[in-house]
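Shown next, in structure tokens, is the structure this report addresses.
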Amino acid sequence: MYALARSLLFALEAERAHGLTLAGLRAGHRLGLLGPAGAAAPAQPVELMGLTFANRIGLAAGFDKNATCVDAMGALGFGFLEVGTLTPRSQEGNPRPRVFRLPRARAVINRMGFPNEGVEAAAARLRRRRYAGVCGVNIGKNAATPLEQATADYVAALQAVYECADYVTVNISSPNTQGLRQLQQGEQLRPLLQALLAARADLAARVGWTVPLVVKLSPDLAADELAATAQVIRELSLDGVIATNTTLDRSGVRGLPDADRPGGLSGAPLRERAVAVVHALRTHLGPDMPLIGVGGISSAADAATMFAAGADLIQVYTGLIYRGPALVRELVAADYASRRQATPQGPPQARHNRP
Ligand SMILES: Cc1cc2nc3c(=O)[nH]c(=O)nc-3n(C[C@H](O)[C@H](O)[C@H](O)COP(=O)(O)O)c2cc1C
């Protein structure tokens, strides 16, 4: 079924195909074609960061930037979703075309630059969602905001989404917003995270619950930079880490059409590096820091490798473009089978930090 849809979608410009996919998913969900949430497989819930995840398979940020498709994506069987990246004010992003498929490598290059409708529009949609599973919100800074004022953007975004997010991801690893990745370096990262933790403490006191804060890292940090970044994350007792975002490295796609387009590469050629970063982070962060692995996962075997490297949960994006919803079913079923042997449990009880 998806093979037919895919050949139609792949005939279109990538971003237009994505817009049609989102519209199709919304329509399919309205018509009841996607089934009720969680029906794809029985679940083995996982407790992490004070949240209950129905399974360990999540949707990565960027697929549903504006939270227009949360109920439909939830119905595909994901254990959690992440919307965004959202910035305080709406913005256009970079000029189109800005997304390119590299089918021979099962990869994508994008330089979207956070096009989004802004935090308020997405927050309003999130408040109306029916999806009962975990939904994280990924936040960033507006392109027009100078790097020195980035903290104010992240704090404003955190405040806007706090009451409708199950966790918040601080995105400092997109290669498509100028200078953003500098924020990963220790001397810039520490004050940014401290400001966000202080803002979170104020919000928690006001609303009565604490939303976990996680940070999303690049696969392109050198070994010593990664160690230094992990040290800051540990010292500040952040709630978790997502690794990785897209890469600037082109060694896995050299010579292919569109391989030299500027932007971040995702999909199969990223997998080995993303797994290595997760493995290194697990060593640096110790056994207890929640770690979400993402990058190039497009089969149950890939997922198993990411879990073996130390990930507690995983996310997918590019694999969905190439394999469609069958990938979610495969990953959720394999997750269930692998953990059923380990810990038999009853049905999941959705639990949130928020009431
Ligand atoms: C078209 C596209 C847009 C993306 N947009 C975002 C984004 O807005 N924020 C973010 O944190 N990651 C974004 N990502 C990165 C993904 O969330 C993920 O980290 C990366 O693609 C690696 O996973 P994958 O190989 O499964 O796609 C985007 C990826 C793609 C392909």
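All ligand and atom numbering here is 1-based and tracks the order in the structure.
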- Are Leu102 and Tyr317 in one and the same hydrophobic cluster, where Ile, Leu, Val, Met, Phe, Trp and Tyr link if side-chain heavy atoms are under 4.5 Å apart? no
- Could you tell me whether Val108 and ligand 1 have an N or O pair separated by under 3.5 Å? no
- among protein heavy atoms, the one nearest atom 15 (C) of ligand 1 is Asn245 OD1, 3.5 Å
- Query: Taking only heavy atoms of Gly296, which atoms of ligand 1 are found under 4.0 Å from at least one of them?
  - Reply: 24 (P), 25 (O), 26 (O)
- Task: Before signing off on this row, confirm whether Thr85 and ligand 1 have an N or O atom pair separated by under 3.5 Å.
- Result: yes
- Message: I'd like to know whether ligand 1 has Thr244 as a neighbour, heavy-atom separation below 4.0 Å.
- Response: yes
- Query: Which one of Gly62, Ala107, Ala61, Gly267 has a non-hydrogen atom at the shortest distance from atom 14 (N) of ligand 1?
  - Reply: Ala61
- Per atom 22 (C) of ligand 1, closest listed option by heavy atom (Asn171, Thr169, Leu270, Ile109): Leu270
- Message: Any nitrogen or oxygen of Thr246, side chain or backbone, less than 3.5 Å from one on ligand 1?
- Response: no
- Message: Can you tell whether the side chains of Arg339 and Asp312 come within less than 4.0 Å, N to carboxylate O?
- Response: no
- atom 3 (C) of ligand 1: which of Tyr317, Phe63, Phe114, Phe100 has the nearest heavy atom? Tyr317
- Message: Does this structure show an ion pair linking Arg271 with Asp302, if we count only N-O contacts that are shorter than 4.0 Å?
- Response: yes
- Is Ser174 in contact with ligand 1, taking contact as a heavy-atom separation below 4.0 Å? no
- Message: Suppose we measure from atom 23 (O) of ligand 1 to each protein heavy atom; which comes out shortest, and what is that distance?
- Response: Val294 CG2, 3.3 Å
- Could you check atom 12 (N) of ligand 1 against the protein and tell me its nearest heavy-atom contact, residue, atom and distance included? Lys216 NZ, 3.1 Å
- Message: Can you tell whether the side chains of Arg127 and Glu163 come within less than 4.0 Å, N to carboxylate O?
- Response: no
- Task: Could you tell me whether Glu235 atom CD has more than 12 heavy atoms of other residues or ligands within 6.0 Å of it?
- Result: yes
- What protein heavy atom sits nearest atom 27 (O) of ligand 1, and how far off is it? Thr318 OG1, 2.6 Å
- Query: Between Asn171 and Ile139, is there a donor-acceptor pair closer than 3.5 Å when you use the side chain of the first and the backbone of the second?
  - Reply: no
- Message: Between Ile109 and Arg250, is there a side-chain heavy-atom distance shorter than 4.5 Å?
- Response: yes
- Which heavy atom of the protein is the closest neighbour of atom 21 (O) of ligand 1, given with residue, atom name and distance? Ser266 CB, 3.2 Å
- For the residue pair Phe53 and Tyr167, does the interplanar ring angle fall in the parallel (under 30°), tilted (30 to 60°) or perpendicular (over 60°) class? tilted
